[in-house]
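Bear in mind that the values here come from a model prediction, so they are computed numbers and not experimental data. Heavy atoms only: backbone and side chains are in, while hydrogens, waters and symmetry mates are out. Chain identifiers are assigned alphabetically (A, B, ...) following the order of the sequence lines, protein sequences preceding nucleic acid strands; residue numbering begins at 1 within each chain.
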Amino acid sequence: MTRRPWFWSAVALAGAAALLLAVTLLTADITRQRARQQHLALLQTLLPGSTEFTLVPYTGSDHGIRSVHQGQTGQVVEVSVQGYVDEVTVLVGVSSEGEVLGLMVLSAHETPGLGNRVLSDTDFLCQFLHTTGQAQVGEDVMPITGATVSSRAVERCVNAAVAVATGTGDVTTEATVWEE
Amino acid sequence: MKERIWLLPVALIVFLTTALLTVILIRLQNPFAVFPRFHVPYMAFFSLLALLAEHYLAPGRDRPWLTAAIPAALAFGLLPWAAALATPEQALRLGAAGGVVFCVCAFSFRSLQRRWARDPSALLAPAVGALGLFLASQAFASLLRGEKNGVSPLTSFRGYDNIY
């Protein structure tokens, strides 16, 4: 018996969807558990001296703030700011005194080879360490060549995180607004 | 010659499933891995890969491709959703965008196919043609800026979502 052409497409599609669904469901718990472990390790790295963190609800007006984790020696703030192509998300560890102790770009989908270097360019990222919310690209922070907009997105993330951690959130509530 | 018109959508589904399974496994090992957005060039890449596979596995010309557009659109929407990489709303937009990209790729590839030499020495022509189309899709995508222009990129999975 000959099958209609769409029969095998439908069978393949249903089989593929069932396979992906099954693998996703089977691995979801392990993935979530690993994510939790790695996230805690990441928070501990970004905020030295803190071992336990609690998720603090953020009630301010900066829509870029994704989460605030309170540790013993400060806070780790996750901030998203519009970059050149898409949102740049940065996790920033800020001490109780308002000093940036660590940062990591969690997500960026900028131009490959240019803006996307904010993910891994340690020379650029290290310039934000020990700043106190006043970092400015072009003045005390050298931007990544050809990626000024992406560099400034990281700058705004860092300064917004410091503002949240020190309670001066009004200073950088425009963190998610890109005006240039 | 038997037409085997099911080969094109099935090849697309196989390639997409393999890629999504790879993403799931990488995510399992490293939940914080940053994946690229699933945008027009990736849709074109998988569409062209399927067209190439069909060309080499079942040589033949003038095989209808429009019938594959519906399974292709369904694959681009349903499979990322099944892999927990897209919300239902994103899946709908991905399916629509994927269907359109597939149609453009299939039409362009078939148009080129009719102009290739028919002798066996023209082995590389389809691959080179597909590469050219892929580069064109990249150039086109650079004109778009993510969701601002209505083409929804697939939100990259963030392993740290809902971990608390």
Side-chain angles (χ1 to χ4, degrees), chain A residues 2-43 53-55 66-67 69 78 80 82-87 89 91 104-112 116 119-120, chain B residues 2-18 20-21 23-25 27-37 39 63-64 67-68 70-72 74-75 77-85 138 142 144-148 153 155-164:
Chain A
T2 53
R3 305 274 190 195
R4 287 183 183 279
W6 53 262
F7 176 79
W8 295 114
S9 305
V11 168
L13 191 60
L19 174 70
L20 287 169
L21 209 54
V23 174
T24 303
L25 290 175
L26 284 172
T27 58
D29 280 344
I30 305 169
T31 307
R32 198 172 294 120
Q33 194 182 347
R34 282 200 180 156
R36 205 176 292 135
Q37 288 168 353
Q38 288 186 18
H39 192 250
L40 180 62
L42 201 58
L43 296 181
F53 293 87
T54 47
L55 195 60
R66 295 281 175 263
S67 62
H69 299 269
E78 186 183 332
S80 290
Q82 179 64 40
Y84 184 68
V85 176
D86 207 340
E87 279 193 341
T89 304
L91 207 53
M104 179 191 174
V105 179
L106 281 178
S107 161
H109 298 94
E110 303 294 279
T111 313
N116 236 21
L119 274 169
S120 56
Chain B
K2 205 171 178 181
E3 273 299 318
R4 292 204 283 185
I5 56 175
W6 51 267
L7 188 58
L8 180 58
V10 169
L12 178 69
I13 290 164
V14 168
F15 289 133
L16 262 179
T17 306
T18 309
L20 291 169
L21 276 175
V23 170
I24 293 173
L25 293 179
R27 181 179 66 181
L28 183 66
Q29 287 302 315
N30 182 8
F32 288 90
V34 179
F35 296 106
R37 298 282 194 199
H39 210 326
R63 194 181 278 122
T67 47
I70 292 170
L74 285 172
L78 183 66
L79 298 183
W81 172 81
L85 289 161
Q138 281 194 315
S142 69
L144 304 172
R145 283 279 192 85
E147 287 174 316
K148 287 177 197 166
T155 302
S156 294
F157 177 82
R158 303 197 322 164
Y160 48 96
D161 275 344
N162 306 317
I163 59 175
Y164 289 102

Legend entry - Under 4.5 Å from any heavy atom of chain B - which part of A:L25: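 Neither part, no heavy atoms under 4.5 Å.
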
Legend entry - Toward chain B, the part of A:A108 with a non-hydrogen atom under 4.5 Å: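 Looking at A:A108, just its backbone touches chain B.
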
Legend entry - Sub-4.5 Å side-chain heavy-atom contact between B:L85 and B:L79: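 Side chain of B:L85 against side chain of B:L79, heavy atoms only: no contact under 4.5 Å found.
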
Legend entry - Check: A:H69 ring centre within less than 6.0 Å of A:H39 ring centre: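 Between A:H39 and A:H69, which both carry aromatic rings, the centre distance is below 6.0 Å.
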
Inset, instruction - Would you confirm whether A:T24, through its side chain, and B:A82, through its main-chain N or O, come within 3.5 Å as a donor-acceptor pair? - result: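 Looks like yes, one N/O pair under 3.5 Å.
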
Legend entry - chain A contact via B:L78 - side chain, backbone, both or neither, heavy atoms under 4.5 Å: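 Contact with chain A involves the side chain of B:L78 alone.
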
Inset, instruction - Measure B:L28 against the heavy atoms of chain A and call it side chain, backbone, both or neither at under 4.5 Å. - result: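 Contact with chain A is through both the backbone and side chain of B:L28.
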
Inset, instruction - Step through the shown structure and confirm whether more than 12 heavy atoms of other residues, nucleotides or ligands are within 6.0 Å of CD1 on B:I70. - result: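 No.
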
